[in-house]
Structure formats: C-alpha cells, structure tokens
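Naming convention: chains lettered A, B, ... in sequence-line order (proteins, then strands); numbering from 1 in each chain.
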Number of protein chains: 2
Amino acid sequence: MSNLRDLPPGGVLYKDVKRRVLQALADGEFKPGEAIPSEKKLVERFGVSIGTLRKAIDELVAENLLIRHQGRGTFVAMHRRDDHFFRFFKVAHEDGHRGYPTVQQKSFRRIKADKAACALLGLESGERVFHFTNVLSLDERPVMIDDIMLPERLFPGLTETQLRERPNTLYNFYQDAFGVNVIQTEERLRAVLATETEAGLIGVDVGAPLIRIHRVAFSFHRLPVEWRVSTLDTAHHEFIVSQMPKEDS
Amino acid sequence: MSNLRDLPPGGVLYKDVKRRVLQALADGEFKPGEAIPSEKKLVERFGVSIGTLRKAIDELVAENLLIRHQGRGTFVAMHRRDDHFFRFFKVAHEDGHRGYPTVQQKSFRRIKADKAACALLGLESGERVFHFTNVLSLDERPVMIDDIMLPERLFPGLTETQLRERPNTLYNFYQDAFGVNVIQTEERLRAVLATETEAGLIGVDVGAPLIRIHRVAFSFHRLPVEWRVSTLDTAHHEFIVSQMPKEDS
DNA sequence: TTACATTTGTTCGTATGTATA
DNA sequence: TTATACATACGAACAAATGTA
C-alpha cells in the first residue's frame, strides 16, 4: 500500500496543482464570478488526493483569488462593491466612517508613455498608454485626484465612454471588459504642497498639504497593469493602513 | 471505527485548539523565541488528531504569531532585526533602499494621560502613561519624529535608561522586558505643514510638507498597548504600503 | 414540507519524506 | 547513525450548507 513517489517534478505536488489552477485563472478558463469545477472533478483532473487538492486551493483562497462557499462551490474572486473594494480604497473620513466615493472623469487621452511610465509598467519606449484623470468625492466634497495610466496593449480599444459608463468599480471593469485581474498593489506615499491645478480640482488653497500616492497595480505573475498617481486632501479625511493578522483572534 | 463527535462545544474543534494555544501565548506559558511543545505532545495535551492540531497551528503561523522550522520545532515569533522588523517600519529611501534607522531619544516623561490617549489606549481618566520622543535617522539624516505613549499599567517601572539601552527594536524590548506582544497595528495618515518644533528636530523649513501618522498598536485580544504619533519628512524618503497576497504566486 | 443529491468543511489516522541536532 | 520534529500525500467518514425535485 505504499506508492512510490511518482510526481515531484520540480518541487512539491500541491504547489504544482496550485500552479496549474493559477494558469487556468490566467488563461481565463476559470472566469471571475463563476464557479470552478468541484473538488471531486479537480481531483480527477489533476490525479491527486482530495487532501493535496485542498491544500493547493487553501493557498489560493488565502490569497483572495478564490472564494469557497460550503454547499455551493468555489468561485473566482471579483472586484465588486463589497468587501473586496476596500482592500484597495484606503480613504476614510476623519470620524472613521468609510463610504463609497463618487467619481467625476475630468480627461481622457491616448498618449505615448513617458520614461517613468515605461519603467513602472514594463513597456517598450514609444508604446501607447491611456491616461485619464478622475476626481473622487466623499460626502459631496472632492477629496482625491486620480491620474491613471493603462498600457494600450492590455486595454485595446478602450474608450472614454466605456470608462464613464462602467457599472462598478474600476478594477471590476478591468476584469469584466478586458480580463485584467488586479490582485496586488504597491504604494509609495509622500507629502506635497498643492499646485494651482490641484487646488482648483479639489478646492483647497495653493500650498495646502496633500498626500501624494504612487501606486502600481499588478496581475498574475506580477505583471504591472496600471500606474496611478493619487493626490489626497487630508483636511477632513485620512489614509488608512492596517497591519493585521487575517482572522478573528 | 467512527468515533462519535465528542467535542464541538461552542464551535469547531480546531478553532478551540487555536484558542487554547493563543491563551498559552497570552499567559506567557509559551515564551517569545522559545519552542512550543512538539506536535505529538500537543496532540496528547489537547486530545485531537494531528491533522486538527496542524490546522490550528497553521492559522497561528499565517498570523505571524508562530514560526515553524522543519526538523527543529515551532517557535513563538519575536520582533528581532529580521524579516519581522519591516512589517511595522514602512519607511524607505526614494531610491527604494530600506535600511535600519538609528534612534536618538529626545525626551522621557511620566504624565497623566490626556483624553485622546485614554480613548485610544482604553485607559481610565487619570491613569499615567510614559511619553517619550525619538528622532529616527536614515543615512545620517533625521527623517522621522516618533511621539510614543505607553500605559504605565502595562509597563510598570519603565525607565529612560532601560529604553535608551535596549539592544533591539522597541517592539522586541516590549516583549522581552514586559511580556507585551505587538501583533497588529492601525495607522491613519495625513499631510501637515512642519511646525517650528518639528522643523528644528528634523532639519526642514517651517511649513514644509510632512506626513503625520497616528498609530495604535495592539496585543492579543486587540488590547491596545501603544499610541504613537510619527511625523515623517518625505523630501527624500517614502512611506511604503504593499497590498499583497502572502506568498509567491 | 420533505427528501435527496451535490459541494465544501471538519476530523480522523497512516505512511513516507526531509531537515535538524 | 540515530532520534526527533515538521512537511507532504493519501484517503475515509461524517457534518453542514445549499439547491432542487
């Protein structure tokens, strides 16, 4: 009853299973919002035991790529207006209240990527990007300017109207319309003084202190998919960072 | 061979095991840096199977409270100058380099907690706190002021000398000298203009833009143990936030 | 309402592999 | 070499949630 180990090719078996599920996600075989095959079917497909499969799925659930529902199935995570949204939107009112922002689109252009954009998004010099500017408001007050760059290669044919009429969040739109999944971000924050342009857009005095946030968003395999420069007025709002153990203690 | 379920009291068994291990941590039975009993011994102690025990320990490892070493044992996490340190220190040079800061202690007092401190630290009005100010330097340049408040109740008899002569990081010192484990933080960031005092301490002009960080640090059961107000000069440094899946993808 | 099939969640236990002292 | 400890892989049995007939 002791099978010889037959399948540790490059490493361990459950990591390999995880890799293959991840590939199915990246390929679009398993689509956001839809259920992936049941554990039993995946066990047959990959030829591993239920325990090994579960260990692979466990990690993908821990990374917020899959969501399990007892009795229903396992689903590919989406960026809808629920728990997921606030994973990337970290602005709250000074009284602690966190609400959904309203978005006003100020501009939309297709331009040549500059040096910084090429470096951060991994583009060849000369490649095109879409550049658009949003002003976000909370409680009827403008609080943040978002300057967003998207590689044309990943968002072919993107139009201003599409963006303006998207039903959900931006990251959900990327997912639905272009199959681009944002699963990770890196942000760098600095304090700056408001320029005239910024002062006009969010209604503060020139020279008011603001937080400037440089964010690069990544998809699978750490592929950069968005570069965003946000400028936040913290007169009545705050930028929130929690360093938390994942679960209830 | 089918045992009747005998131990789901309030919930599930492995959560109960996790709770009991957590209690041993909070009680100081399992001490930072030391190994906890082996899986086999814990299985006997809690009367569960190895799989159930592992599931409980898995979660505590995922929460960075325990660290497993194959062949050696499972250890209580410490705040030493290693991977752990940068979980709470999020300042990097603008070129991306992350180094250890040097600390200069500017003041140390024992005072009555003000209203804000009482609210954030969960103290009765009139309780005492230790208040001290540090200036942190990176690459020989002062970049951050830390104003720190500690409840006297949790740090009885703390002295300026103890603090000044601690060998490791502050959070490691809390752990070694007072059994206070910082496992979670919450931070709120705003942009401000440098006051005269701040300008003097970190060598910037009055009115320069700075980032102000309010941080509350928590121990087990979300007990607040430290309140800290940091003021960061971002002329040549940045505050880093990563929203990451935990592991290699 | 009930019964049933499907799917994930929990618990159990065994055997073997790998790292450490 | 040997003993110990954690890591991986296997799979059985039952519990709980869900959807449907």
Side-chain angles (χ1 to χ4, degrees), chain A residues 1-21 30 33-77 246-248, chain B residues 1-21 30 33-77 246-248:
Chain A
M1 198 146 303
S2 64
N3 299 343
L4 296 187
R5 299 284 302 288
D6 37 355
L7 274 175
V12 279
L13 189 49
Y14 82 89
K15 286 281 187 190
D16 199 58
V17 172
K18 180 182 173 186
R19 215 172 304 126
R20 290 167 75 181
V21 174
F30 302 160
E34 295 183 6
I36 69 173
S38 73
E39 294 181 341
K40 189 190 291 190
K41 289 201 181 101
L42 289 175
V43 159
E44 289 169 17
R45 168 162 169 179
F46 296 126
V48 298
S49 76
I50 178 66
T52 301
L53 176 81
R54 275 198 132 250
K55 186 151 186 176
I57 302 295
D58 278 348
E59 293 204 351
L60 294 167
V61 169
E63 291 169 21
N64 297 303
L65 300 181
L66 297 177
I67 301 172
R68 280 203 274 231
H69 292 288
Q70 186 174 3
R72 292 210 289 141
T74 302
F75 297 78
V76 183
K246 289 189 325 302
E247 325 201 50
D248 52 290
Chain B
M1 198 145 301
S2 64
N3 298 344
L4 296 186
R5 301 282 302 288
D6 36 358
L7 274 175
V12 279
L13 188 50
Y14 81 89
K15 287 281 186 190
D16 198 59
V17 172
K18 179 182 173 187
R19 213 171 306 127
R20 291 168 74 180
V21 174
F30 301 161
E34 296 182 5
I36 68 174
S38 74
E39 295 182 338
K40 190 190 291 190
K41 289 201 182 101
L42 290 176
V43 159
E44 289 168 17
R45 167 162 171 177
F46 296 126
V48 298
S49 77
I50 177 68
T52 301
L53 176 81
R54 270 193 138 253
K55 190 154 183 175
I57 302 294
D58 278 347
E59 294 204 352
L60 294 168
V61 169
E63 290 169 23
N64 296 304
L65 300 182
L66 298 177
I67 301 172
R68 279 202 275 232
H69 293 288
Q70 187 175 0
R72 290 210 289 142
T74 301
F75 297 79
V76 183
K246 290 190 324 302
E247 324 200 50
D248 53 289

Task: Worked verdict on B/F30 versus B/V21 for side-chain contact (heavy atoms from CB on, under 4.5 Å) - done: CA-CA 9 Å; B/F30 301 161; B/V21 174; 4.2 Å; yes
Task: Worked check of side-chain contact (heavy atoms from CB on, under 4.5 Å) between A/E34 and A/V76 - done: CA-CA 6 Å; A/E34 295 183 6; A/V76 183; 5.7 Å; no
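If you take CG of A/D16 and C1' of D/dT8, they are 14 Å apart, rounded to a whole angstrom. Distance, B/E44 CD to C/dG13 P: 13 Å, rounded to whole Å. In this structure, the CG atom of B/L13 is 14 Å from the C1' atom of C/dG13, given to the nearest Å. Between the NZ atom of A/K18 and the P atom of D/dT8 there is a distance of 12 Å, given to the nearest Å. The separation between A/I57 atom CD1 and C/dG9 atom P is 10 Å, rounded to whole Å. Atom CZ of A/F46 is separated from atom P of D/dC10 by 13 Å (rounded to the nearest Å). We find that CD1 of A/I50 is positioned 9 Å from C1' of C/dT8, with the value rounded to whole Å.
The residues A/R19 and A/D16 are annotated as salt-bridged, a charged nitrogen and a carboxylate oxygen being separated by less than 4.0 angstrom.
At the phosphate of C/dG13, neither OP1 nor OP2 sits under 4.0 Å from any side-chain N or O atom of B/S49.
To the nearest 0.5 Å, atoms CD1 (A/I36) and OG1 (A/T74) are separated by 5.0 Å. With values rounded to the nearest 0.5 angstrom, B/L53 atom CG is found 9.0 Å from B/D58 atom CG.
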Within the sub-3.5 Å range, which N or O atoms of nucleotides 4-7 of chain D have a protein N or O partner, and how far apart are they?
{"residue": "D/dC6", "atom": "OP1", "partner": "B/T74", "partner atom": "N", "Å": "3.4"}
{"residue": "D/dC6", "atom": "OP1", "partner": "B/T74", "partner atom": "OG1", "Å": "3.4"}
{"residue": "D/dC6", "atom": "OP2", "partner": "B/E39", "partner atom": "N", "Å": "2.7"}
{"residue": "D/dA7", "atom": "OP2", "partner": "B/R54", "partner atom": "NH2", "Å": "2.0"}
{"residue": "D/dA7", "atom": "OP2", "partner": "B/R68", "partner atom": "NE", "Å": "3.0"}
{"residue": "D/dA7", "atom": "O5'", "partner": "B/R54", "partner atom": "NH2", "Å": "3.3"}

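Heavy-atom minimum distance, A/R45 versus A/R20: O-NH2, 4.3 Å.
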